[in-house]
Structure formats: C-alpha cells, structure tokens
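Ligands are counted one by one from 1 in listed order, and the atoms in each one are counted from 1 as well.
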Amino acid sequence: MEHKPSSLKKASYQDIAELLYGNAKAGVFVTFVAATLLVFGFNTPEIQTEKYTWWGIMSLLMLTRATDALYWHKNENNQQDDGRRAIIRFVTGTLLTAAMWCLYCIYFSQYASIIELACMIIVVSAFAGGAATVLGAHKFTAISYALLLLAPFSIVLMLSSEQYKLILGLLGIIFSFVMVTTAKKSADFTSNAIRLKNENAELVNKMEQKVARRTEKIYQLSNLDPLTGLYNRSAFMHNLEAQLALSIENNKPIALLFVDLDGFKRINDTLGHETGDKVLKKTAARLENLRDEHHLLCRWGGDEFLIAYLGVDQDSAVSYAATVIEEISKDYYFDGNRLSVDATVGIALYPKHASKANELIQLADTAMYYQKKSQPNSVGVFNTEIGLRISRENQLKMGLAEAIEKQQFRMVYQPIVQSTSHKIIAFEALLRWDFNGENVPPDEFITIAEQYGLISDIGTWVLQQSCLAAAGWLALSKEQQPSVSVNVSVLQLHDANFINIVKSALETAQLAAEKLTIEITESIFSHDKEVILNCIKTLQVLGVQVSIDDFGTEYSSLSVIQDLAANTIKIDRSFVNMLDSGGMAIIEAVKQMAVKLDYAVIAEGVETQEQVEQLSALGIEMLQGYYFSKPLEHSHIADYMEYNS
Ligand code: C2E
Ligand code: MG
Ligand code: MG
C-alpha cells in the first residue's frame, strides 16, 4: 500500500522539487559546456575515442535531464502527485551526472597533462561548490554529489607516486570535506526554511478553515430556519430579489407559491407542539424532495412555506402546486399514530401580477387566503377580482381607522316589538358608516374591522353611543321603557378590558344594566368558549342581558346556549323569509326548545302582515323587521315612540 504523506509533507515535497528544478536548466547547460570543453579542448590520441564515448553518454544524459526539467516546468502548476516522483527523477539524473564526472576524472586523469588535470580539478571543484547551495534542497544529493565528484578523484590522485598529485589529492580531500559540511549546513537551512514556510501555510490554512466553519455556522443561524433547516424569511427574500433581478434581465417568469397547511392548528392544539413540530419537519422534508435547482424554498413562518418556481408559466406552476398538495396530504406516521394535514396553495406570477418580491408574496398569500375560504386543499391563482377585493379592503381598512375621528359613524335604531300588542320592547342599535358619501354596509365593514384589529375601538364607541341614546329615550316616557340591544363582536369579548368598557358606558349614560342587551352571533361557538363564557357570565351578574343573534345560520350547540343562559334567541331572518317552505317547522322547534330552556324568542326580518300573524300564532314573543320599522335615525325615535304609545 502506498504511504500517503500528510499535507505538510506533501507541500514540502513540492517545494523541494521546485527548488531543485529551479536551477536544473542552468546546471544542465553548464555541465554540458564544461564536458564539451574538456573533451574537445584536450586531445589525447590514445583515449580520444573513449572520451568521445563518454561525451556522447554525458550529452544524452544532459538531454534527458533538460527534457525532464522542461516537462516539470510545464506541469508545475497542475501536479497530480506530491512532487516525490519529480525528486526521484531529478536525484537520479544528478547522481548519474556526478558518477559520470567521477568516472571521467578517475579514468582520464591518468592520461592528462598537468594543465588538463588542473582544468579537471577546477571544473569538479566548481561543480562540487555549486552543488552545496544549488542542491541544498535535498541533503542526500547535495552531499553525495560533492563527495562523488571530489572524493574518489582525490583518493586516486593521492595514491599517485608523483608528489604534486599527492598534494592535489590531499587538497581535494580537504576541499570535499569542507564542501560536505557546507552542503549539509545549507541543506539543513533550506529544509528548515521549507518546513517553517509550510507549517505557517498550514496554520493559515487551519485558521481559514476555522473561519470558514464559523462563517458557515453564522450563515446557518442567520439564513436557515432552525426547525426545518429550510431558508428563513430573510434568506428567501434576499434570494428571491436576486432571482427577480436576473429574471428582469433574461425576461423569464417566476411563479411564487404560498403554501399554507390546513388543519395544522388542530394538530398543535390536540396533540401538542412537539407533534406539530414533527409534522412541520416532515412537510419541509417532503417539499425539499420535490425541489430542484429551479425552486427556492423557505419556511415563511408557522405552517406557511414559500416556493419560488423560476422560469415557469402559470399552467406548470399550478400543476406543480397540485403535486405539492398531494405530497403534503399523504399520511404521516408518528409513534404508530397516523396523522394527516392538507394544504392550500396560492400563486402569484412575475411579471403578470407584480414585480417586487414582497408584493408577489403578499398577492400569493391573498390568493391562498381566498382559496382557503372558498375551497381549501386546492390551488388558487391570483386574479383581478381578488385584486379589486384587496384594494377595496385596503381602502375600507384605512377609512375605518379614522372613521370615528372624522365622525363618519352614526347609530340607527330598529324597534323590537311585542308580537301581539306591538309594544316597543327594545331598539337594536345598528351602526352606519358614511364613507365619503358611500353608505358602506355593516356586514362588509365589520368583518374588515375585525380582521385588522379595529373592532375594539369601534365597538366601544357603539356601546357608549347606544347607552347614551337609550338613557335619552327612557327619559321620554314612564310607560314605554325600551331597552337597547347592541351587537358585539366575539373579538370584543376576548378583550380583558371589555367588562370595564361596558361598565363605564353604563355609568357615563346613567343607564341601568338591565336596560342593555348584548347581541352575540352564533360564531362564538368556534372561538375559545371558556373565555367567552366567563365574560358573558360576568356581564349577566352585572344585570346585562344576552341575546344569541342570527340563530340557525351556523352550527349551534344547545349545551353552550344552556351554559350561556342566554336571555333571548333571535331567529335569523332567512327562516322568517321561508316560513312557507320549511321555515315554519324550524321556528316551531326553536320555540319548543325555548320553552324548555327558558329563554325568549325574537324573529328577525319580519316584513309582512302574514308573517306577523303566523309568528304570533307560533307563540314567538317578539318581532323585528321592516313591517314595523326600518332602522330609525336617533332624532326620529321620540316621534316613533309617541306615535306607537
Ligand atoms: P343583525 O344584528 O342581524 O342586524 C339585523 C340586520 O337585519 C340589520 O342589517 C337590519 O337593518 C336588517 N333588517 C332588519 N329588519 C329587516 C327586514 O325586515 N328585512 C331585511 N331584509 N333586513 C332587515 P344591518 O344594519 O345592515 O346590519 C347587518 C349586520 O351587521 C347586523 O346583523 C350585525 O351583525 C352587524 N352590525 C351592525 N351594527 C353593528 C355593530 O354596531 N357592531 C357589530 N359588532 N355588528 C354590527
Ligand atoms: Mg343584531
Ligand atoms: Mg341578526
């Protein structure tokens, strides 16, 4: 098995090879010149053929080494191996060269004249001297080269009988000793320098890796959602904006998918947040599986996910969204339990619907919202109708925020009468909004006020006005003492301060609590019952009456009605409208229940004499509707009461 060097060693090998080869071309050239001069400069007829042979071999060797040096320089920057092979090639070439010189000196010196001998000594000494530094990167070679060049030659000279050769040999031995020491020192110095350099490089490298790891961690913290590992909001926005910029350049569309889980709240509420988290994680994993390089995916928050589908048209986006829903709706299995959630997807398209990231997201969100309302667990694409609804909603929302201040609200009052005697029992207070000349119906603006958190302030104003009005009409006559019936949104009941608001409205108007009725719609049954029941009980303890409005239109729970101990139930006008086609039976049933549970019944929306007669015959105690009166302006109440006294 080949030994794998550490990164530090690998770098050292590279450096050594680089240093060695750095001087190779010059070394080869000088060697070739010296060899040629010596061989052709001195003619010794008896061994000239051997000299030529030697020169031929030496030239071949130099050619090989020169080729090797060229090859190395060419591949220097894309070295596949770690430099060790290059070193081996270089060292072999160098030692062969030294061996050739060694051979030359030992063999040819016997025939050399004193001048040729001197030249030989000068040449090999110079090479040995040069080697000490030039080959310093490789200690073994530096020393061996100097030794091979000088030592055998010097020994041969010393063995000679001639005295000057003996002296030259002795000098050569001393010189080779000096050269070996120099070569060793130089090699140690060089290898030390290489080691230090690479250790530093490795240190820097390690630091860089550490920084990179930290950067990655910071990236994760700031860009990824910790629960699902998907992009978080800011990372998604950042990427989407970049993609939009590209799309503008390339003229390519983008579809933005707003994915919202259906029924996730139920899982969280009934099975706990831990299970909820597991579902979110699994959902994220499924979305991730469906993703490729054309999708940007993020967890937008809660149970919402966004997918930007790059370069795609509406049809493909819709079919992808259908796949997303299908995938999410597959059963989940946790600890042996089977769970399922659905999803609704809203789509907005760039450039068709919007060109800014936040606008696209908002429109896709809106498309999802409307889709969920009308047909959950399906795909809805943003369209102009939704667009008009939004701009209307925005207009109304902004208008509502300053409607009280601008005195655009007023209350009207519709009488509720005793069915047989037509005596006025109460007035229902109904809010009117004159929005720059337009009479916006309360059904429309109350929903918006509820959605945008404006209902509390408006509701408070309504209560105050209604209590004041009631105190006013109660002072008009001793016999007629109608109460006031005020519509209250369930959201107001969630306000911890609501009881105080009621108390203060009663106090300011000097109105007895018994003269105030709160009308609550059936939708309370889909809210947090506990909070609402407590609030209503407190009101009843104060003496305030409670009426269930629009009864029959939504899912009703008799047990809750019983818990509420509601004083009155108002049968929705849709049943009064269809007295002849089934409405009668329902009203009859409600009346029977009312007798048992001890509450009074009001029928709303009474418009005809016939309805009055039929309802009275059924024993419905109170009636309200256009037959008796449309909602009245406050200023008309006195006349109305007098006329009906
Ligand atoms: P609601 O509480 O069921 O009010 C009765 C609605 O039926 C009133 O509509 C009234 O004008 C209408 N109405 C009465 N008699 C007849 C009739 O014989 N025929 C027909 N076709 N309609 C009749 P309005 O004033 O448009 O109010 C609509 C709804 O808006 C109310 O329904 C109530 O839920 C809500 N609302 C009105 N004012 C307020 C308020 O001050 N606060 C809150 N939270 N909701 C309010
Ligand atoms: Mg009402
Ligand atoms: Mg009603």
For ligand 1, indicate whether the residue [X] contacts it via side chain, backbone, both or neither (heavy-atom separation under 4.0 Å).
X	answer
Thr521	neither
Arg573	side chain
Gln624	neither
Ile446	side chain
Pro441	neither

- Message: Quick check on the Mg ion (ligand 2): does Thr521 put an N/O/S atom closer than 2.8 Å to it?
- Response: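 Thr521 does not place any N, O or S atom closer than 2.8 Å to the Mg ion (ligand 2).
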Has [X] got more than 12 heavy atoms of other residues, nucleotides or ligands less than 6.0 Å from its [atom1]?
X	atom1	value
Lys397	NZ	yes
Gln407	CD	no
Gln609	CD	yes
Asp598	CG	no

Within a distance under 4.0 Å of any heavy atom of [X], pick out the atoms of ligand 1 and give their elements.
X	answer
Pro631	11 (O)
Val462	41 (O)
Pro442	24 (P), 25 (O), 26 (O), 27 (O), 28 (C), 30 (O), 37 (C)
Ser489	44 (N)

Option whose closest heavy atom lies nearest to [atom], chosen from [options]:
atom	options	result
atom 45 (N) of ligand 1	Asn439, Leu623, Asn487, Val488	Asn487
atom 28 (C) of ligand 1	Val412, Asp550, Ile520, Asp443	Asp443
atom 13 (N) of ligand 1	Tyr626, Phe628, Tyr627	Tyr626
atom 19 (N) of ligand 1	Glu604, Glu607, Arg432	Glu607

- Task: Hey, could you give me the NE2/CD1 distance between His494 and Ile455, rounded to the nearest 0.5 Å?
- Result: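 It comes to 13.0 Å.
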- Message: How long is the straight-line distance from CE of Met641 back to CG of Leu632, given to the nearest 0.5 Å?
- Response: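 Going from CG on Leu632 over to CE on Met641, the span is 11.5 Å.
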- Item | Counterpart residues, ring pair (Phe, Tyr, Trp, His ring centres under 6.0 Å), relative to Phe305 (two or more places apart) |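 Scan of Phe305 (ring pair (Phe, Tyr, Trp, His ring centres under 6.0 Å), adjacent residues dropped) gives none.
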- Task: Carefully, step by step, assess Thr568 and Met622 under the rule side-chain contact (heavy atoms from CB on, under 4.5 Å).
- Result: CA-CA 10 Å; Thr568 322; Met622 286 169 279; 4.3 Å; yes
- Task: State if Glu428 counts as touching ligand 1 under the rule of any non-hydrogen atom under 4.0 Å.
- Result: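 Right, Glu428 reaches ligand 1.
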- Query: If you measure only the distance, is there a donor-acceptor pair under 3.5 Å linking the side chains of Ser485 and Glu519?
  - Reply: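 Yes, Glu519 and Ser485 have a side-chain donor paired with an acceptor closer than 3.5 Å.
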- Query: Is a side-chain donor-acceptor pair under 3.5 Å present for Ser483 with Glu514?
  - Reply: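 Looking only at side-chain atoms, Ser483 and Glu514 do not form any donor-acceptor pair under 3.5 Å.
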[X]: which N/O/S atom is nearest the Mg ion (ligand 2)?
X	value
Glu519	OE1
Asp549	OD2
Glu428	OE2

- From the options Asn232, Leu280, Thr283, Val259, select the one residue that forms a side chain to side chain contact (heavy atoms under 4.5 Å, CB included) with Arg299.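 Among Asn232, Leu280, Thr283, Val259, the one that satisfies the side chain to side chain contact (heavy atoms under 4.5 Å, CB included) with Arg299 is Leu280.
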